[in-house]
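The figures that follow rest on heavy atoms only: side chains count, while hydrogens, waters and symmetry mates do not.
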Amino acid sequence: MGSEGPSSVVTVHVTGFKKFHGVSDNPTETIVTNLRQFMEKKGLPKGLVLGSCTILETAGHGAVSQLYKVLQSAISGREKEGSSATPSPIIWIHFGVNSGATRFALETQAVNEATFRCPDELGWKPQRVPIVPSDGSITRTRETKLPVAELTRSLRKMGYDVAPSDDAGRFVCNYVYYHSLRFSEQNGILSLFVHVPLFLTIDEEVQMQFAGSLLDVLASVLN
């Protein structure tokens with residue numbers, strides 16, 4: 001901020017998931033569907049724009065082409081900025097549910113392994129399969145470049161029960177996050193996966209407030 005002029009506007013794109021096996025009411029579908037209206041009432045933080053809010057199929061390989069269309073949409077306007085312009089920051093936030101969780105988790109990394117405990121919504125059930133074969137081993141990891149420890153501290157100060165996590169599982173959440181981190185690295189943008197509990201554990205009002213607060217702390221960290 002300061003005398004150099006206004007800082008870049010951060011654009012945040014958000015995804016959630018549809019229902020899936022064992023979770024008939026996915027809280028992330030509700031959070032992402034209602035986030036724009038919630039932020040219009042709450043007020044977006046200065047220097048941040050809420051871009052697309054998309055609900056993804058809870059599926060891996062069969063839904064990957066649709067995932068890439070969604071990811072690509074975030075950078076499709078960049079060509080218009082011109083090659084001399086410094087691109088404005090773009091962040092993907094992916095919300096997924098962990099039905100056994102009792103608190104929020106900010107995921108630091110994804111692993112190049114798909115091992116699904118049950119078939120996804122399109123019937124795929126891989127076991128120890130690399131998500132991106134050209135990336136090599138199933139032990140390969142990709143890490144977010146966002147400051148997860150700093151974001152966690154800020155959210156805790158606001159009263160949320162949240163922790164960093166280095167294990168996003170090996171199901172669809174990890175699958176989407178791995179692709180998103182790879183895409184982000186290739187295109188100079190940022191990505192974060194956030195695991196939330198069921199609404200039975202932390203109610204909808206608190207989870208909506210958490211999503212809004214996450215946007216606030218992202219804006220403060222990046223501006």
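No single ILVMFWY cluster, assembled from side-chain heavy atoms under 4.5 Å apart, contains both Val129 and Phe116. Taking hydrophobic clusters as Ile, Leu, Val, Met, Phe, Trp and Tyr residues chained together by side-chain heavy-atom distances below 4.5 Å, Leu146 does not share a cluster with Val111. Taken together through direct or relayed side-chain contacts under 4.5 Å among Ile, Leu, Val, Met, Phe, Trp and Tyr, Val176 and Ile138 form parts of separate hydrophobic clusters. Met158 and Phe104 fall within the same hydrophobic cluster, defined by Ile, Leu, Val, Met, Phe, Trp and Tyr side-chain heavy atoms under 4.5 Å apart, directly or through other members. Under a hydrophobic clustering in which Ile, Leu, Val, Met, Phe, Trp and Tyr are joined whenever their side-chain heavy atoms come within less than 4.5 Å, directly or via other members, Phe95 and Leu181 fall into the same cluster.
Screening residues 178-195 for salt bridge (charged side-chain N to carboxylate O under 4.0 Å, His left out) gives Asp135-Arg182, Arg142-Glu185, Lys145-Glu185 as the qualifying pairs, with residues at least two apart or on separate chains. Residue pairs meeting the side chain to side chain donor-acceptor pair (under 3.5 Å) criterion with at least one partner in residues 151-166, sequence neighbours excluded, are Glu107-Ser165, Tyr160-Ser213.
The local environment of CD in Glu205 is sparse, with at most 12 non-hydrogen atoms from other residues, nucleotides or ligands closer than 6.0 Å.
Looking at residues two or more places apart in sequence or on another chain, you find no side chain to side chain donor-acceptor pair (under 3.5 Å) involving Glu150. Under the rule for a side chain to side chain donor-acceptor pair (under 3.5 Å), the partners of Ser191 that lie at least two apart in sequence or sit in another chain are Ser180. Evaluation of the ring pair (Phe, Tyr, Trp, His ring centres under 6.0 Å) rule for Tyr177 yields Phe193 as partners, not counting sequence neighbours. Residues passing the ring pair (Phe, Tyr, Trp, His ring centres under 6.0 Å) test with His179, sequence neighbours excluded: Tyr68, Tyr175.
The pair Lys18-Glu121 fails the salt-bridge criterion, with no side-chain N (NZ, NE, NH1 or NH2) lying under 4.0 Å from an Asp/Glu carboxylate O. Looking at Asp216 and Lys46, no side-chain N of the basic residue comes within less than 4.0 Å of a carboxylate O on the acidic one, giving no salt bridge. Salt bridge present: Arg170 and Glu113 bring a charged side-chain N and a carboxylate O closer than 4.0 Å.
Side-chain atoms of Phe20 and Asp120, non-hydrogen and from C-beta on, never get closer than 4.5 Å to each other. Taking 4.5 Å as the limit, some side-chain heavy atom of Ile90 sits within range of a side-chain heavy atom of Ile75. The closest side-chain heavy-atom distance from Thr15 to Trp92 is below 4.5 Å. For the pair Leu44 and Leu50, the minimum side-chain heavy-atom distance is below 4.5 Å. Proximity of Ile91 to Val10: side-chain heavy atoms (C-beta onward) are separated by under 4.5 Å at one or more points. A heavy-atom distance below 4.5 Å is found between the side chains of Leu48 and Pro45. Looking at heavy atoms from C-beta onward, Val12 lies out of side-chain contact with Val49 at the 4.5 angstrom threshold. Between Leu122 and Thr58 the shortest side-chain heavy-atom distance does not fall below 4.5 Å.
Asn112 places a side-chain N or O within 3.5 Å of a backbone atom of Ile131 that can act as its donor or acceptor partner. In this structure, the side chain of Ser73 engages the main chain of Val70 through a donor-acceptor pair within 3.5 Å. Under a 3.5 Å cut-off, the side chain of His13 and the backbone N or O of Gly51 do not form any donor-acceptor pair. One N or O on the side chain of Thr115 and one on the backbone of Arg128 form a donor-acceptor pair closer than 3.5 Å. Side chain of Thr28 to backbone of Phe17: a donor-acceptor contact under 3.5 angstrom is found.
Arg117 forms a cation-pi arrangement with Phe171, by the criterion of a distance under 6.0 Å to the ring centre and an angle within 45° of the ring axis.
We find the CG-NE2 distance between Asn174 and His195 to be 8.5 Å, quoted to the nearest 0.5 Å. Taking CD of Gln207 as the start and CG of Leu35 as the end, the distance is 12.5 Å to the nearest 0.5 Å. Within the model, atoms CG of Asn34 and CE of Met208 stand 5.5 Å from one another, a figure rounded to the nearest 0.5 Å. Here the CG atom belonging to Asn187 is positioned 9.0 Å from the CG atom belonging to Leu71, to the nearest 0.5 angstrom. One distance of note links CG of Leu215 with CZ of Phe210; it measures 10.0 Å at 0.5 Å rounding. Atom-to-atom distance recorded for Glu143:CD and Thr108:OG1 is 6.0 Å, nearest 0.5 angstrom.
In plain terms, the two heavy atoms of Phe199 and Ile31 that are nearest each other are CZ-CG1, 4.3 Å. Across all non-hydrogen atoms, the minimal contact from Thr201 to Pro197 is CB-CB, 3.9 Å.
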